[in-house]
Amino acid sequence: MKIMAVDYGDARTGIAFSDIRGILASPHSVIEESYAPKLADKIASLAESNKAELIVIGLPVNMDGSQGYRCEQCRALGDLVREKTDISVIFEDERMTTVIAHGMLSDNNVRGKKRKSQVDAVSASVILQSYLDKNK
């Protein structure tokens, strides 16, 4: 099953996809859109064109486990995506994924503008890999 992951951000949203067997997550792209309905359209279009069967949206849970305003925004985006496609949408805890993504990019000597353009997609792949590993 091919799975899509979304790392929702205010200005940039990272996208990742799994392989067809649902074993390995890979960064795909970054969508630069801040208006949620248009973002949901772009996510739905990417999901359909890449034949995703499930969409996993990162949920920015606080370090103490509580959920704040940002989690509400992610859930609202999930609702918009559900309205635009018949693909199931679920949520995955994304604590520390951006830190992990920056570490991965540092390990690969990716710096400056190139890092900024890739970090959200890499974060999405970290979210997706976490989901895949938990659901083997």
* To do: Given salt bridge (Lys or Arg N to Asp or Glu O under 4.0 Å), test Arg82 with Asp79 step by step and report yes or no.
  => CA-CA 5 Å; Arg82 278 187 193 106; Asp79 290 341; 3.0 Å; yes
* To do: For Val61 and Glu94, run side chain to side chain contact (heavy atoms under 4.5 Å, CB included): C-alpha distance rounded to whole Å, both residues' side-chain angles, the deciding distance at 0.1 Å, then the answer.
  => CA-CA 7 Å; Val61 177; Glu94 69 168 45; over 6 Å; no
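Distance check: Cys74 SG to Tyr69 OH gives 10.5 Å after rounding to the nearest 0.5 Å. With rounding to the nearest 0.5 Å, the separation of OG in Ser125 from CG in Leu24 is 9.0 Å. Here the CD-CZ distance, from Gln67 to Arg75, works out to 4.5 Å after rounding to the nearest 0.5 Å. Lys51 contributes atom NZ, which lies 8.5 Å from atom CD1 of Ile20 (distance to the nearest 0.5 angstrom). For the atom pair OG of Ser130 and CD of Glu92, the computed distance is 4.0 Å after rounding to the nearest 0.5 Å.
Between Asp7 and Ser123, the shortest heavy-atom contact is OD2-CB, 3.0 Å. Residues Ala36 and Tyr8 share a closest heavy-atom pair of CB-OH, 4.0 Å. For Ala47 against Ile87, the heavy-atom pair with the smallest separation is CB-CD1, 3.7 Å. Of all the heavy atoms in Cys71 and Pro60, the pair that sits closest is SG-O, 3.4 Å. Closest approach of Ala16 and Pro27 over heavy atoms only: CB-CA, 4.1 Å. Nearest heavy-atom pair, Ala124 versus Ala5, reported as atom, atom and distance to 0.1 Å: O-CB, 3.4 Å.
Side-chain contact between His28 and Asn50 is present, with at least one heavy-atom pair separated by less than 4.5 Å. For the pair Leu77/Ile43, a side-chain contact is recorded, criterion being any heavy-atom separation below 4.5 Å from C-beta on. Between Leu54 and Tyr131, the closest side-chain pair of non-hydrogen atoms falls below 4.5 Å. In this structure the side chain of Ile15 reaches within 4.5 angstrom of the side chain of Leu46, judged on heavy atoms. Taking 4.5 Å as the limit, every side-chain heavy atom of Asp93 sits out of range of all side-chain heavy atoms of Leu59. Counting only heavy atoms from C-beta outward, the side chains of Glu53 and Met4 never approach each other to under 4.5 Å. Contact annotation: the side chain of Ile55 never approaches that of Ile90 to less than 4.5 Å [non-hydrogen atoms, C-beta and beyond].
Under a 3.5 Å cut-off, the side chain of Glu33 and the backbone N or O of Asp41 do not form any donor-acceptor pair. Distance alone, capped at 3.5 Å, is enough to place a donor-acceptor pair between the Ser49 side chain and the Ser45 backbone. Panel note: side chain Asp64, backbone Ser66; a donor-acceptor pair is recorded below 3.5 Å. Listed for the Ser18 side chain is a donor-acceptor partner under 3.5 Å among the backbone atoms of Ile3.
Judged by distance alone, the side chains of Glu48 and Thr85 do bring a donor and an acceptor atom under 3.5 Å apart.
Leu39 pairs with exactly one of Val81, Ile31, Val6, Leu80 by the side-chain contact (heavy atoms from CB on, under 4.5 Å) rule, that one being Ile31.
Residues Ile57 and Phe17 fall within the same hydrophobic cluster, defined by Ile, Leu, Val, Met, Phe, Trp and Tyr side chains chained together at heavy-atom separations under 4.5 Å.
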